[in-house]
**Student:** 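Right, I'll just put the structure down here and ask away after.
Numbers restart at 1 for each chain; the letters A, B, ... are given by sequence-line order, proteins then strands.
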2 protein chains.
Amino acid sequence: MKVTRAKSIENREIVLETAARLFREKGFDGIGISDLMKSAGLTSGGFYKNFESKEDLIAKSCQRLSERTASRWKEHIANPEVPNPLKRIASSYLSEKNRDNLATTCMYSTLAAEVPRHGKAVQEVFAEGLESVLEILSTLVPGSTEEEKRANAIAMFSQWVGALILSRAASDNMLSDEILAVAREGSHLEGSGLRER
Amino acid sequence: MKVTRAKSIENREIVLETAARLFREKGFDGIGISDLMKSAGLTSGGFYKNFESKEDLIAKSCQRLSERTASRWKEHIANPEVPNPLKRIASSYLSEKNRDNLATTCMYSTLAAEVPRHGKAVQEVFAEGLESVLEILSTLVPGSTEEEKRANAIAMFSQWVGALILSRAASDNMLSDEILAVAREGSHLEGSGLRER
DNA sequence: ATTATCTATAGATCTATAGATAATGC
DNA sequence: ATTATCTATAGATCTATAGATAATGC
């Protein structure tokens with residue numbers, strides 16, 4: 001029953017990855033520890049040797065997601081083969097694929113609305129993650145001053161998150177595609193919906 | 001134990017109102033039938049004589065919320081004492097009060113992200129409600145053609161919903177106020193963030 | 001007599017813990 | 001000997017139902 005130290009670390013990783021997927025797919029309340037551990041190929045009893053509580057798992061798996069998004073966006077920016085990183089990020093964010101695959105989507109679009117009902121640790125993960133998202137977007141967005149860029153980043157990301165959520169709430173409908181299309185066009189830099197004073 | 005027909009109808013109303021508040025405050029999974037009925041001043045046993053299931057209550061209470069928002073906005077538009085209905089709607093939507101009082105806020109900002117995980121009846125309530133919100137906003141928003149107005153309504157409401165959700169996820173923070181302020185400014189018609197082709 | 005609401009409870013969850021098991025790693 | 005994971009279970013939920021109770025309304 002006991003496994004090697006390496007395997008044990010790997011198991012912990014698998015639990016974190018599984019949680020990150022299932023929470024986004026089913027919501028924090030939509031999946032229990034027992035089913036989650038089963039999905040990870042383990043049994044529920046071992047869970048509390050690795051995590052303090054379900055709340056602790058929520059905080060740690062979302063921390064993972066937050067870091068991964070930031071580093072993926074930074075890679076696009078650093079990659080010389082990506083000519084327009086903002087366009088690249090916007091079109092993948094506002095794609096039908098990102099709307100339809102809850103398990104792999106942005107955590108703000110599936111889970112942020114539940115955050116006010118959770119503990120401080122979870123709230124901090126979302127608050128800090130949001131700050132770093134906005135810092136990255138600020139460097140990509142148009143604007144003649146720093147303040148203008150920051151405001152544009154906030155306006156744009158708000159619209160993205162709202163558009164994804166509403167497009168899912170409108171699903172089965174032409175409206176759903178329409179919302180994504182509008183948000184995509186709004187993010188096309190020139191002549192865009194972004195504010196200029 | 002039996003009450004008058006009038007009182008019985010009133011009780012049903014109270015349950016719907018209580019549900020509308022508690023679902024927004026705690027999420028669909030965050031409140032059980034038993035506690036909900038207790039909040040309404042009743043006991044849980046009678047619930048299923050009035051509603052088919054919890055899912056049925058979700059659909060019906062959200063239907064209520066949806067109709068109420070539409071009629072309140074329409075009143076502002078019809079009221080000659082409100083000189084700028086869009087500004088009035090935007091500033092109350094993006095107020096700190098609306099951010100902080102979950103129990104009375106817009107259902108799209110607290111509950112829409114959970115909709116894809118629910119049944120068809122609930123999905124339809126949100127889809128139809130969203131359509132009517134957009135129809136109202138389309139009449140208020142700038143734009144030289146119908147298509148442009150509709151696109152602007154979609155862009156604006158997406159930003160509003162996203163801004164509220166993110167401002168709550170960023171709570172305790174200066175960032176939270178900043179997000180609301182940006183969205184408010186973005187909605188001030190002239191020189192606004194709204195798209196013009 | 002009818003029926004709106006009550007009490008009580010079945011059966012299925014859920015989070016968390018206790019202690020057994022068996023393989024690792026000293 | 002240590003310990004990662006397992007089985008089993010406590011105790012608290014949750015949705016939904018059954019049948020009792022007592023006031024309405026014919």
**Student:** Name all pairs fulfilling the salt bridge (Lys or Arg N to Asp or Glu O under 4.0 Å) condition that reach into residues 59-69 of chain A, sequence neighbours left out, sorted by first residue then second.
**Tutor:**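 Every salt bridge (Lys or Arg N to Asp or Glu O under 4.0 Å) pair that includes a residue of residues 59-69 of chain A, provided the two are not neighbours, is A/Glu13-A/Arg64, A/Glu17-A/Arg64, A/Glu17-A/Arg68, A/Asp56-A/Lys60.
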**Student:** Strictly under 4.0 angstrom, non-hydrogen atoms only: write out the protein contact profile of nucleotides 8-13 of chain D, one letter per nucleotide from the 5' end, B, S or -.
**Tutor:** ------
**Student:** How would DNA chain C look in dot-bracket form, 5' to 3', counting Watson-Crick and G-U wobble pairs with both distances under 3.5 Å and writing | for bases paired to another strand?
**Tutor:** ||||||||||||||||||||||||..
**Student:** Any ion pair linking B/Lys7 and B/Glu10 (charged N to carboxylate O, less than 4.0 Å)?
**Tutor:**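 Yes, this pair counts.
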**Student:** Any donor-acceptor pair under 3.5 Å linking the side-chain atoms of A/His118 with those of A/Glu55?
**Tutor:**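 Judged by distance alone, the side chains do pair up.
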**Student:** Give the residues of residues 7-17 of chain B touching DNA chain C, defined as any heavy atom closer than 4.0 Å, sorted by residue number.
**Tutor:**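 Within this stretch, B/Ser8, B/Asn11 sit under 4.0 Å of the strand.
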**Student:** With no hydrogens and no angle check, is any side-chain donor or acceptor of B/Lys54 less than 3.5 Å from a backbone partner on B/Phe28?
**Tutor:**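 Such a contact is found between B/Lys54 side chain and B/Phe28 backbone.
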**Student:** By side-chain contact (heavy atoms from CB on, under 4.5 Å), which residues pair with A/Ile9, not counting sequence neighbours?
**Tutor:**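 Partners of A/Ile9 under the side-chain contact (heavy atoms from CB on, under 4.5 Å) test: A/Arg5.
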**Student:** Please list all pairs passing the side-chain hydrogen bond (donor to acceptor under 3.5 Å, both in side chains) test where one or both residues lie in residues 97-112 of chain A, with sequence neighbours left out.
**Tutor:**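 Found A/Asn98-A/Thr105, A/Arg99-A/Ser176, A/Arg99-A/Asp177, A/Thr105-A/Arg168, A/Ser109-A/Arg168.
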**Student:** Taking distance alone, no hydrogens or angles, what donor-acceptor pairs closer than 3.5 Å link side-chain atoms of residues 136-144 of chain A to residues at least two apart or in another chain?
**Tutor:**
from	atom 1	to	atom 2	distance (Å)
A/Ser138	OG	A/Leu134	O	2.7
A/Thr139	OG1	A/Ile136	O	2.6
A/Ser144	OG	A/Glu148	OE1	3.3

**Student:** Quick one, B/Ile77 and B/Val82 - any side-chain contact, counting heavy atoms below 4.5 Å?
**Tutor:**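 No, every pair of side-chain atoms sits at 4.5 Å or beyond.
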**Student:** Extract from the structure each pairing of a protein N or O with an N or O of nucleotides 22-26 of chain C at less than 3.5 Å, listing the distance.
**Tutor:**
from	atom 1	to	atom 2	distance (Å)
C/dA22	O3'	A/Met1	N	3.4
C/dA23	O4'	A/Met1	N	3.4
C/dT24	O2	A/Lys2	NZ	3.2
C/dG25	OP1	A/Arg5	N	3.0

**Student:** Per the side-chain hydrogen bond (donor to acceptor under 3.5 Å, both in side chains) rule, what does the pair list look like for residues 26-42 of chain A, sequence neighbours excluded?
**Tutor:**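 Passing the test, one end in residues 26-42 of chain A: no pairs.
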**Student:** Is A/Ser91 reaching over with its side chain to a backbone N or O of A/Lys87, donor-acceptor style, under 3.5 angstrom?
**Tutor:**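 Such a contact is found between A/Ser91 side chain and A/Lys87 backbone.
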**Student:** Without decimals, in angstroms, what is the distance between A/Ile58 CD1 and C/dT15 C1'?
**Tutor:**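 For the pair A/Ile58 CD1 and C/dT15 C1', the rounded distance is 12 Å.
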**Student:** Can you name the side-chain hydrogen bond (donor to acceptor under 3.5 Å, both in side chains) partners of A/Arg150, sequence neighbours left out?
**Tutor:**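 Partners of A/Arg150 by the side-chain hydrogen bond (donor to acceptor under 3.5 Å, both in side chains) criterion, ordered by chain and then number, come out as A/Glu131, B/Glu178.
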**Student:** Tell me, which of residues 49-56 of chain B have any heavy atom that sits under 4.0 Å from an atom in DNA chain D?
**Tutor:**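 Residues of residues 49-56 of chain B under 4.0 Å from DNA chain D: B/Ser53, B/Lys54.
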**Student:** My understanding is that only residues two or more places apart in sequence, or in another chain, count here; which of them pass salt bridge (Lys or Arg N to Asp or Glu O under 4.0 Å) with A/Lys49?
**Tutor:**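 Listed in chain order: nothing, the list is empty.
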